[in-house]
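Inspection log for the structure reproduced underneath, given as structure tokens.
Chain naming here is simple, since letters A, B, ... match the order of the sequence lines and numbering starts at 1 in each.
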Number of protein chains: 2
Amino acid sequence: MKWDELEEEPCSMARTIGVIGDRWTLLILRECFLRTRRFEGFQSALGITRHLLAERLKKLVRQGVLRRIPYQESPKRHEYILTQKGLDLYPIMMALVHWGDTHMLDERGRPLLHEHRKCGKMFDPVMVCSECGEPLSAKEVHVHPGPGARPASEKVSLDKKKPKSRRQAA
Amino acid sequence: MKWDELEEEPCSMARTIGVIGDRWTLLILRECFLRTRRFEGFQSALGITRHLLAERLKKLVRQGVLRRIPYQESPKRHEYILTQKGLDLYPIMMALVHWGDTHMLDERGRPLLHEHRKCGKMFDPVMVCSECGEPLSAKEVHVHPGPGARPASEKVSLDKKKPKSRRQAA
DNA sequence: TTCATACAGTTCTAAAATTGAACTGTCAAA
DNA sequence: TTTGACAGTTCAATTTTAGAACTGTATGAA
């Protein structure tokens with residue numbers, strides 16, 4: 001599968017993965033949420049090669065996750081700022097952090113604490129149902145095909161290839 | 001940076017990314033939540049190469065996200081089942097799906113709808129504060145160093161290399 | 001004026017990861 | 001006896017990524 005094919009999959013998760021589903025992109029976005037805005041800032045915070053960083057930033061801009069905004073003329077310099085589409089990634093970031101906090105800590109404890117300005121307390125993120133407000137778990141959710149679902153006839157494979165016998169075909 | 005170094009970073013997000021932060025792993029986990037359990041099931045649903053699939057499954061088992069359980073003797077066959085650690089990835093999966101539903105839909109609409117068994121309604125996942133229950137957004141959250149934070153002295157770079165001048169050093 | 005540095009990239013080669021395809025081996029059914 | 005399901009493993013070819021240097025504008029210091 002080519003990776004741009006992911007964005008055409010009739011699956012919202014696959015499409016999201018097509019945009020942000022690689023390690024460097026996720027780390028770049030972490031820095032964005034920590035207020036990094038400039039090329040050198042990302043590069044020195046992450047140790048990513050300049051080549052990949054340039055490429056990933058371009059892709060995020062193309063996808064509308066970041067906006068490239070000039071902050072000085074001559075030499076032209078730009079900052080990379082999260083768009084609303086980018087800011088909407090926040091729940092994904094928090095969910096990643098929270099899983100790490102729950103399952104990947106060492107003896108030293110949490111690297112970061114999060115304070116909720118509205119209530120002034122240190123908090124954890126909790127995912128709830130938009131309708132009843134109860135916390136969600138996989139077992140309480142039932143999945144139905146929606147209007148954009150793939151027709152049942154082609155449900156077999158992401159890349160539509162039939163698995164074929166591995167003994168010589170002719 | 002080598003990818004196993006990610007898991008040693010004093011950052012819960014980096015550690016999580018070290019475990020599930022690549023495209024195939026995320027797609028494999030999607031299938032797990034859709035009740036796929038067997039090698040051939042993953043392979044034909046995703047079109048992933050058998051080589052990579054075997055490797056990714058091994059890693060997920062090693063990380064405690066999946067458990068490998070025999071379902072028949074001779075020939076030995078195993079199923080891959082989400083552990084509790086794996087089930088706890090659910091909020092991440094839902095957050096990915098929800099962002100895709102919000103920002104990556106085509107004209108046809110949502111590929112999947114989610115029904116909450118408890119309340120019987122189709123819902124969206126919402127991330128709220130564990131303390132006050134209000135929905136979260138990036139701007140209302142303030143980050144503090146926790147007990148496991150990296151000392152300020154080495155805050156510079158993920159890989160601890162100082163960026164050095166790019167003109168000939170000798 | 002010359003030198004060093006900041007910044008935002010681009011270019012190049014070597015190394016690592018991924019793809020695609022075939023191969024192994026056990027067992028069941030035809 | 002042959003074919004197919006299943007769960008991998010192996011290997012060559014391609015694609016990505018890493019690591020390092022290079023380009024080019026501009027500023028401040030010597």
Side-chain angles (χ1 to χ4, degrees), chain A residues 1-6 21-28 36-61 66 68-80 156-170, chain B residues 1-6 18 21-28 31 36-61 66 68-80 156-170:
Chain A
M1 195 185 1
K2 306 303 168 307
W3 280 114
D4 35 318
E5 291 174 33
L6 259 190
D22 80 285
R23 316 216 208 197
W24 283 124
T25 299
L26 255 0
L27 289 170
I28 289 168
T36 299
R37 297 153 122 76
R38 299 185 185 177
F39 194 91
E40 291 293 319
F42 292 110
Q43 203 283 319
S44 67
L46 297 175
I48 184 176
T49 63
R50 311 176 73 76
H51 181 60
L52 260 201
L53 175 58
E55 188 160 79
R56 293 291 195 268
L57 288 173
K58 246 176 231 162
K59 179 170 179 189
L60 287 170
V61 169
L66 298 179
R68 191 161 171 272
I69 296 176
Y71 70 90
Q72 71 171 39
E73 291 294 319
S74 111
K76 274 230 172 199
R77 291 286 183 262
H78 301 84
E79 294 187 309
Y80 297 90
V156 202
S157 162
L158 255 191
D159 63 355
K160 284 119 195 156
K161 261 178 217 146
K162 281 213 203 69
K164 56 179 190 195
S165 164
R166 66 263 155 275
R167 312 231 184 240
Q168 51 281 18
Chain B
M1 193 184 6
K2 307 303 170 307
W3 280 115
D4 34 320
E5 290 172 34
L6 260 190
D22 81 285
R23 317 217 208 197
W24 283 124
T25 300
L26 254 2
L27 289 170
I28 289 168
E31 290 306 308
T36 299
R37 296 155 123 75
R38 300 185 185 177
F39 193 93
E40 291 294 317
F42 292 109
Q43 204 282 319
S44 67
L46 297 175
I48 185 177
T49 63
R50 311 175 73 76
H51 180 59
L52 259 203
L53 176 57
E55 188 159 77
R56 293 292 195 265
L57 287 173
K58 246 176 232 163
K59 180 171 180 190
L60 287 169
V61 170
L66 298 179
R68 190 160 172 273
I69 298 175
Y71 69 89
Q72 70 171 39
E73 291 295 318
S74 107
K76 273 230 173 199
R77 291 285 183 261
H78 301 83
E79 294 186 311
Y80 296 90
V156 201
S157 161
L158 253 192
D159 62 355
K160 285 118 196 157
K161 259 179 220 149
K162 280 212 203 71
K164 54 178 187 193
S165 163
R166 64 263 155 278
R167 311 228 183 243
Q168 51 280 19

### Message
For a quick test of reading the model: is some side-chain N or O of A/Ser74 closer than 4.0 Å to OP1 or OP2 of D/dA26?
### Response
yes

### Task
Return the value, rounded to whole Å, for the distance between atom CZ of B/Arg37 and atom C1' of D/dA5.
19 Å

### Task
Identify, between A/His51 and A/Tyr71, the residue whose nearest nucleotide on DNA chain C lies closer to the 5' end.
A/Tyr71

### Query
Can you find a pair of side-chain heavy atoms, one from A/Ile48 and one from A/Ile28, that are under 4.5 Å apart?
yes

### Query
What integer distance in Å separates B/Gln72:CD from C/dT26:P?
14 Å

### Query
Mapping A/Pro75 and A/Arg56 to their closest nucleotides on DNA chain D, which lands nearer the 5' end?
A/Arg56

### Task
Flag the pair B/Arg23 / A/Asp22 as yes when at least one side-chain heavy-atom distance between them is below 4.5 Å, and no otherwise.
yes

### Message
Side chains of A/Phe42 and A/Leu57, heavy atoms from C-beta outward: is any pair under 4.5 Å?
### Response
yes

#### Entry: Spacing of A/Leu57 atom CG relative to C/dG9 atom C1', expressed in whole Å
11 Å

#### Entry: For atom CD of B/Glu40 and atom P of D/dG8, their distance in whole Å
9 Å

### Query
Does A/Arg38 get its side chain close enough to the base of C/dA8, under 3.5 Å, for a donor-acceptor pair?
no

### Message
Which nucleotide wins on minimum distance to the side chain of B/Arg77, given the candidates C/dG9, C/dT26, D/dG8?
### Response
C/dT26

### Message
Taking the basic N atoms (NZ, or NE/NH1/NH2) and the acidic carboxylate oxygens, is any pair closer than 4.0 Å for A/Arg50 and A/Glu40?
### Response
yes

#### Entry: Side-chain heavy atoms of A/Ile69 within contact of A/His78, under 4.5 Å
no

### Message
Whether B/Arg38 and B/Glu31 form a salt bridge (side-chain N of Lys/Arg under 4.0 Å from carboxylate O of Asp/Glu) is what I want to check.
### Response
no

### Query
Taking only N and O in the side chain of B/Arg50, is any of them less than 4.0 Å away from OP1 or OP2 of C/dC23?
no

### Task
Calculate the interatomic distance between A/Phe39 atom CZ and C/dT5 atom P; express it in whole Å.
20 Å

### Query
What is the distance, rounded to the nearest whole Å, between atom CH2 of B/Trp24 and atom P of D/dT16?
13 Å

### Query
Starting at CD of B/Gln43 and ending at C1' of D/dA7, how long is that distance when rounded to a whole Å?
11 Å

### Message
Under 4.0 Å, counting only non-hydrogen atoms across every strand here, what does A/Phe42 touch: a base, just sugar-phosphate, or nothing?
### Response
nothing

### Any A/Lys58 side-chain nitrogen or oxygen under 4.0 Å from OP1 or OP2 of C/dT10
yes

### Query
Expressed in angstrom and rounded to an integer, what is the separation of A/Leu52 atom CG from C/dA8 atom P?
18 Å

### Terminal axis angle for the helix from C/dT1-D/dA30 to C/dA30-D/dT1, five pairs an end, nearest 10 degrees
10°

### Message
When you compare the side chain of A/Leu60 with that of A/Tyr80, does any pair of heavy atoms fall below 4.5 Å?
### Response
no

